[in-house]
Engineer: 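Sharing a structure here in structure tokens format.
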Amino acid sequence: MEQVKRVAVGNQTVGGDGKLFVMAGPCVLEETERVLNIGREMKRICESLGVTYIFKASFDKANRSSYTSFRGPGLTEGLRTLKYIKEELGVPVVSDVHSIEQVEPAAEVLDILQIPAFLCRQTDLLEAAAKTGKCVNVKKGQFMAPEDMKNVVDKITYMGNENIMLTERGFCLGYHNLVVDMRSFPIMRRFGYPVVFDATHSVQLPGGAGTKSAGLRQYIGNLARAAAGSGIDGVFMEVHDNPAEALCDGPNMLYLSQVEGVLRDMIAINDITRRSVSTAK
């Protein structure tokens, strides 16, 4: 298995040590106390399993299917909420940035600037994020081959930033369907940076419900376990105490009550994979 760099996330580092790290939270910022409680439970689970936890939630979902879809509280209020959650939980936070104008204020709060899959080739946005010196997590576009993400990495490192993560979230196969190619993980790890599996967006059916996306939640565990055996450094999950009440992406969000079981399996499989690779050398 390829060796990858450890990257700085806030006041700690992740990746490159054989241990999984977890980025998890609701799709979008909802009522503050509710998302804070989701974060508290995720922190408890991760601490009990001995893995690093990073809180995630979007302040703005700019690529919704319909103009009527809930987008979130927006930049100013959203960053205020993320700062509060970061201080209350004492964990790093990650959220999406969609435009160059969002990067600078977001970098004042976020520990990881996340580039959405549809924007992964946007050079100006990548460069702006890289210039902050913060960790940049780029989601591989649903239209991109894994080897093509090397060009994305080069755009960021050209700006002098080597705090990079790459996230696999499936690629389009026909209409309203995503498929995960497990070869993507070892291919992208060859670039030398931590690779993350987005276990919940990978079961999304984009636009599959007309004015919103549908999803196949029942397969999250299957794909997550397979990814853990394919060589990943971290896992990204959208989780909710009651996905039916979630304000976006409910059909492909994992029940908070199911998270610990899935993570336990992933950690066990990851340990076996790492030992097997080490023994084979």
Engineer: Ignoring hydrogens and geometry, is there a side-chain-to-backbone donor-acceptor pair from S95 to A57 under 3.5 Å?
Structural biologist: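 Yes: the side chain of S95 pairs with the backbone of A57.
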Engineer: Quick one: does any side-chain atom of Y53 pair with a main-chain N or O of A24 as donor and acceptor, under 3.5 Å?
Structural biologist: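 Side chain of Y53 to backbone of A24: a pair is present.
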Engineer: If you compare all heavy atoms of N252 against all heavy atoms of A214, which two are closest, and at what distance to 0.1 Å?
Structural biologist: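 Shortest heavy-atom contact: OD1-O, 3.8 Å.
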Engineer: So, for M23 and V94, which heavy atoms are closest and what is the spacing to 0.1 Å?
Structural biologist: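 So the minimum-distance heavy-atom pair works out to SD-CG1, 4.0 Å.
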Engineer: Is there a donor in the side chain of D249 and an acceptor in the side chain of H201, or the other way round, less than 3.5 Å apart?
Structural biologist: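 Note: D249 and H201 side chains meet the donor-acceptor criterion.
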Engineer: Quick one, I164 and L166 - any side-chain contact, counting heavy atoms below 4.5 Å?
Structural biologist: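 With C-beta onward as the side chain, the pair touches.
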Engineer: For a quick test of reading the model, state the closest non-hydrogen atom pair linking L75 to P105 and the distance between them.
Structural biologist: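 Looks like CD2-CG, 3.9 Å.
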Engineer: May I ask you to test the V239-T200 pair for a side-chain heavy-atom distance under 4.5 Å?
Structural biologist: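 They are not in contact (no side-chain heavy atoms under 4.5 Å apart), so the answer is no.
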Engineer: Check whether K56 reaches the backbone of P26 with its side chain - one donor and one acceptor, N or O, closer than 3.5 Å.
Structural biologist: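 A pair under 3.5 Å: yes.
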Engineer: Salt bridge between D271 and R275, side-chain N to carboxylate O under 4.0 Å?
Structural biologist: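 Here D271 does not pair with R275 in a salt bridge, since their nearest N and O are not under 4.0 Å apart.
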Engineer: Please round to the nearest 0.5 Å and tell me the distance separating atom CZ of F143 and atom SG of C120.
Structural biologist: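 Reported value, rounded in 0.5 Å steps: 4.0 Å.
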Engineer: Spell out, as yes or no, whether a donor-acceptor pair under 3.5 Å connects the side chain of S58 to the backbone of D60.
Structural biologist: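 No, S58 side chain to D60 backbone: no donor-acceptor pair under 3.5 Å.
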Engineer: Indicate yes or no: does D111 engage K86 in a salt bridge with an N to O separation below 4.0 Å.
Structural biologist: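 The answer is yes: the pair qualifies as a salt bridge.
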Engineer: Backbone N or O of D198 within a donor-acceptor pair of the R169 side chain at under 3.5 Å?
Structural biologist: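 Not confirmed, R169 side chain does not pair with D198 backbone.
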Engineer: Contact between V91 and I54 at the side-chain level, heavy atoms closer than 4.5 Å - yes or no?
Structural biologist: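 No, every pair of side-chain atoms sits at 4.5 Å or beyond.
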Engineer: Hey, are D181 and R183 close enough for a salt bridge, meaning a charged N less than 4.0 Å from a carboxylate O?
Structural biologist: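 Result for this pair is yes, salt bridge flagged.
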Engineer: In Å, rounded to the nearest 0.5 Å, how long is the span from CZ of F21 to CD of Q12?
Structural biologist: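 The CD atom of Q12 is 10.5 Å from CZ of F21, to the nearest 0.5 Å.
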Engineer: I'd like to know if R34 pairs up with E245 as an ion pair, taking the criterion as any Lys NZ or Arg NE/NH1/NH2 lying under 4.0 Å from an Asp or Glu carboxylate oxygen.
Structural biologist: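 Looking at R34 and E245, the cut-off is met.
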Engineer: When you check the side-chain N and O atoms of R40 and N37, is any donor under 3.5 Å from an acceptor?
Structural biologist: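 Yes - a donor-acceptor pair under 3.5 Å links their side chains.
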Engineer: With a 4.5 Å limit on heavy-atom distance, are the side chains of F70 and K61 in contact?
Structural biologist: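 Sidechains of K61 and F70: no contact.
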Engineer: Does a sphere of radius 6.0 Å around CD in E88 hold more than 12 heavy atoms from other residues, nucleotides or ligands, not counting ones at 6.0 Å or beyond?
Structural biologist: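 Correct, the count exceeds 12.
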Engineer: Just so I know, are the side chains of E47 and K43 near enough to count as touching, which here means a heavy-atom distance under 4.5 Å?
Structural biologist: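 They are in side-chain contact.
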Engineer: Under 3.5 Å, is there a donor-acceptor pair between the side chain of N163 and the main chain of A8?
Structural biologist: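 Yes, because the side chain of N163 sits within donor-acceptor range (under 3.5 Å) of the backbone of A8.
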Engineer: Looking only at heavy atoms, which two atoms of G231 and R189 are closest? And how far apart?
Structural biologist: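 Looks like O-CD, 3.2 Å.
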Engineer: I'd like to know if the side chain of Q204 and the backbone of P206 have a donor-acceptor N/O pair within less than 3.5 Å.
Structural biologist: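 No, because the side chain of Q204 does not come within donor-acceptor range (under 3.5 Å) of the backbone of P206.
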Engineer: Over all heavy atoms of both residues, which pair between F171 and K140 is shortest? Give the atoms and the distance, please.
Structural biologist: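 That closest heavy-atom pairing would be CB-NZ, 4.4 Å.
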Engineer: For Q3 and G16, work out which heavy atoms get closest and say how close.
Structural biologist: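 Where Q3 meets G16 most closely, the heavy atoms are NE2-O, 3.2 Å.
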Engineer: Within this structure, what is the CZ-CD1 distance for the pair F55 and I85, rounded to the nearest 0.5 Å?
Structural biologist: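 The CD1 atom of I85 is 4.0 Å from CZ of F55, to the nearest 0.5 Å.
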Engineer: For A106, which residues count as a side chain to side chain contact (heavy atoms under 4.5 Å, CB included) partner, sequence neighbours excluded?
Structural biologist: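 Side chain to side chain contact (heavy atoms under 4.5 Å, CB included) check on A106 returns L79, V97, L110, L113.
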Engineer: Is a salt bridge present between R264 and E260, judged by a nitrogen-to-oxygen distance below 4.0 Å?
Structural biologist: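 Salt bridge present between R264 and E260.
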Engineer: Do V180 and M182 have side chains that approach each other closer than 4.5 Å (heavy atoms only, starting at C-beta)?
Structural biologist: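 Yes, their side chains come closer than 4.5 Å.
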Engineer: I'd like to know if the side chain of Q258 reaches the main chain of L254, judged simply by a donor and an acceptor atom lying under 3.5 Å from each other, with no hydrogens or angles considered.
Structural biologist: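 Checked: no pair found.
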Engineer: Is D148 salt-bridged to R121, going by a charged N under 4.0 Å from an acidic O?
Structural biologist: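 Salt bridge flag = no for R121 with D148.
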Engineer: Mark yes or no for whether T81, through its side chain, and E77, through its backbone, hold a donor-acceptor pair below 3.5 Å.
Structural biologist: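 Yes; judged by distance alone, with no hydrogens or angles, the pair exists.
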Engineer: Would you say that L205 contacts N177 through its side chain, given a criterion of any heavy-atom pair below 4.5 Å between the two side chains?
Structural biologist: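 Answer yes - side chains close enough.
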Engineer: Ring pair (Phe, Tyr, Trp, His ring centres under 6.0 Å), that's the test. Do F197 and F185 meet it? Break it down for me.
Structural biologist: CA-CA 8 Å; F197 176 48; F185 304 116; 5.6 Å; yes
Engineer: One thing to verify: whether R274 and D233 come together as a salt bridge, which I'm taking to mean a side-chain N less than 4.0 angstrom from a carboxylate O.
Structural biologist: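 Salt bridge present between D233 and R274.
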Engineer: Any side-chain to backbone donor/acceptor pair from S202 onto A199? Under 3.5 Å, distance only.
Structural biologist: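 Not confirmed, S202 side chain does not pair with A199 backbone.
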Engineer: Return the CG to NZ distance between L49 and K19, rounded to the nearest 0.5 Å.
Structural biologist: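 Rounded to the nearest 0.5 Å, the CG-NZ separation comes to 12.0 Å.
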Engineer: Consider only side-chain N and O atoms of T167 and N137, and report whether a donor and an acceptor are under 3.5 Å apart.
Structural biologist: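 Checked: T167/N137 side chains pair up, N/O donor to acceptor below 3.5 Å.
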Engineer: Taking E162 first and then K5, would you say they form a salt bridge - that is, a charged N and a carboxylate O separated by under 4.0 Å?
Structural biologist: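 Result for this pair is yes, salt bridge flagged.
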Engineer: Going by an N to O cut-off under 4.0 Å, is there a salt bridge joining E41 and R44?
Structural biologist: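 Here E41 pairs with R44 in a salt bridge, since their nearest N and O are under 4.0 Å apart.
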Engineer: Are C172 and L178 packed together at the side-chain level, in the sense that at least one heavy-atom pair is separated by less than 4.5 angstrom?
Structural biologist: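 Counting from C-beta outward, C172 and L178 do come under 4.5 Å.
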Engineer: Establish, for the pair K139 and F118, whether the NZ or CZ atom is under 6.0 angstrom from the six-membered ring centre and no further than 45 degrees off its axis.
Structural biologist: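 So K139 doesn't make the cation-pi contact.
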